[in-house]
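Computed from heavy atoms alone, side chains included, the values below leave out hydrogens, waters and symmetry copies. Numbers restart at 1 for each chain; the letters A, B, ... are given by sequence-line order, proteins then strands.
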Amino acid sequence: MPDPTRILLPAREYNLAATLNSGQTFRWRSGEEGWEGIVGDRWVRLRAVREGIAAETAAPQTDWTWLERYLQTRVELPRILATFPADEPICAAIEACRGLRLLRQDPWECLASFICSSTKQIVQIAQIISRLCARFGEPVAVPAGQTPAFAFPSARRIAALAEADLRACQMGFRAPHLLAAAHRVARGELSLDRLQRLDTPSARAGLMTLPGVGPKIADCVLLFAYGRQDAFPLDVWVTRALCELYFSGRRVPPARLREFGQQHFGPFAGYAQQYLFHYIRIHRRGPTGQNRGRT
DNA sequence: TACCAGGAGAGCG
DNA sequence: CGCTCTCATGGT
């Protein structure tokens, strides 16, 4: 008799660690028994196995499509990677983190998380979000013996807070941005559901009307939450990667880089961007943490 | 200790 | 348009 709290999601070439740990999401923790995190209001533990991904929840499930959607296990990765030009840099990046995928996240959580992300290291972003959830998120059911876990606080919940509450999560100057964004979403002045149905430039423009949301964060939300796989977020790392690998170290203005990325990599440019991001970060730090600094 | 981090926005020439 | 500054915080 099958255990309704467990399932095996079939997947080929799924690099779970790279996917959960490549700066597209911030709440997963690697433990003895696998990766533990929250998807929506469900506690989840994931483990990479030969046939795909073994998943475990706290409560019985009758339908696992929410998790398949989140993990994008049905996406045929080789078909996507085959659309890229076979130049040396992108091939090296793909080789360095084979099986890395883009997740399909909740728009509000993704938006709020990336509002908190600007000029922060990934470890710090994770800390900020952890505090935010622990203080203001709804508790979710966890298996016996597990530490308490919390859902990501809704826009309405955050809108009801004071700026000081958010600053207490150590998010600094991002606090007023998150608060104002929560207000606009909670009041329905910006409908995150409606953005789903807009073309990408319109959805991007809509996101950028929010305080603290510029081109980079808008592109992250389009790519990580709205499935716009041609969105091409340009942060310091991707900028660095493109300049070094495709422009022989010259400085190139962001607009030109973005244009290059989308032209060169095509309809799945966002995937290419994620590989380059993860690749250059691994190689800049070195596998064991030394080898820092400029070349 | 300095430098830097998955930026954005305003001011200025 | 491009450049510079500020914003808050702490990891490395």
Side-chain angles (χ1 to χ4, degrees), chain A residues 18-28 93 97 100-103 105 109-132 162-181 184 190 204-226 228 231-244 250-259 261 269-295:
Chain A
T19 298
L20 299 180
N21 201 21
S22 59
Q24 37 177 338
T25 180
F26 305 100
R27 300 194 65 198
W28 291 91
C97 42
L100 169 63
R101 307 222 178 189
L102 292 177
L103 298 169
Q105 303 180 53
E109 174 169 349
C110 186
L111 171 62
S113 296
F114 277 94
I115 287 176
C116 296
S117 78
S118 63
T119 32
K120 276 288 176 198
Q121 299 181 153
I122 290 176
V123 280
Q124 292 185 340
I125 302 167
Q127 290 167 1
I128 290 168
I129 292 172
S130 174
R131 284 187 282 261
L132 186 67
E163 185 181 315
D165 297 325
L166 296 177
R167 282 188 182 266
C169 298
Q170 308 306 112
M171 66 178 73
F173 61 82
R174 303 152 195 85
H177 296 158
L178 178 58
L179 185 57
R184 294 218 23 225
L190 182 73
R204 189 170 191 257
L207 289 167
M208 286 177 62
T209 64
L210 295 171
V213 180
K216 189 271 176 181
I217 291 176
D219 284 335
C220 283
V221 177
L222 290 173
L223 184 61
F224 301 143
Y226 286 101
R228 310 300 171 100
F232 200 81
L234 266 180
D235 75 320
V236 290
W237 293 98
V238 175
T239 299
R240 202 170 288 161
L242 290 176
C243 290
E244 287 182 9
R250 278 180 290 129
R251 302 198 311 123
V252 181
R256 222 181 291 265
L257 282 181
R258 185 166 167 270
E259 172 69 13
Y271 255 95
Q273 172 276 153
Q274 195 64 16
Y275 276 87
L276 290 171
F277 175 78
H278 200 247
Y279 174 63
I280 196 163
R281 291 185 78 249
I282 288 171
H283 282 71
R284 273 313 182 94
R285 285 180 316 193
T288 52
Q290 61 268 55
N291 191 24
R292 293 180 251 114
R294 292 145 287 285
T295 36

### Message
Counting only heavy atoms and a strict 4.0 angstrom limit, can you tell me which residues of residues 171-178 of chain A come near DNA chain C?
### Response
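Under 4.0 Å from DNA chain C: A:Gly172, A:Phe173, A:Arg174.
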### Query
Using the C1' atom in both, what is the distance from C:dC7 to B:dT1, to the nearest Å?
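After rounding to an integer number of Å, I get 22 Å for this pair.
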### Task
Could you give the distance separating B:dG6 and C:dG2 at their P atoms, to the nearest angstrom?
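Comparing P positions in C:dG2 and B:dG6 gives a spacing of 25 Å.
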### Task
Decide, applying a 5.5 Å centre-distance limit and a 30° plane-angle limit (both strict), whether A:Phe277 stacks on B:dG6.
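Given the distance and angle limits, yes, they stack.
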### Contact nearer the 5' end of DNA chain C, comparing A:Gln127 with A:Ser118
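Going by which nucleotide is closer to the 5' end, it is A:Ser118.
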### Toward the 5' end of DNA chain B, by each residue's nearest nucleotide, A:Gly212 or A:Pro233
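It is A:Pro233 whose nearest nucleotide is closer to the 5' end.
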### Query
A:Arg240 or A:Ala218: which one's nearest nucleotide on DNA chain B is closer to the 5' end?
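Its nucleotide being nearer the 5' end, the pick is A:Arg240.
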### Query
Does OP1 or OP2 of C:dT12 have a side-chain N or O of A:Gln121 closer than 4.0 Å?
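False: A:Gln121 side-chain N/O out of range (4.0 Å or more) of C:dT12 OP1/OP2.
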Over all strands shown, is [X] touching base, sugar-phosphate only, or nothing at heavy-atom distances under 4.0 angstrom?
X: A:Phe224; value: base
X: A:Leu210; value: sugar-phosphate
X: A:Gly23; value: base
X: A:Gln124; value: base

### Task
Evaluate the criterion salt bridge (charged side-chain N to carboxylate O under 4.0 Å, His left out) for residue pair A:Arg240 and A:Glu244; output intermediate values, then yes/no.
CA-CA 6 Å; A:Arg240 202 170 288 161; A:Glu244 287 182 9; 5.5 Å; no
Can you tell me the distance, in whole Å, between the [atom1] atom of [X] and the [atom2] atom of [N]?
X: A:Ile125; N: C:dA8; atom1: CD1; atom2: P; answer: 18 Å
X: A:Gln170; N: C:dA8; atom1: CD; atom2: P; answer: 12 Å
X: A:Lys120; N: C:dG11; atom1: NZ; atom2: P; answer: 9 Å

In residues 170-179 of chain A, what donor-acceptor pairs under 3.5 Å come from side-chain atoms, sequence neighbours left out?
from     : atom 1 : to       : atom 2 : distance (Å)
A:Arg174 : NE     : A:Ser118 : O      : 2.9
A:Arg174 : NH1    : A:Met171 : O      : 2.9
A:Arg174 : NH2    : A:Ser118 : O      : 2.9

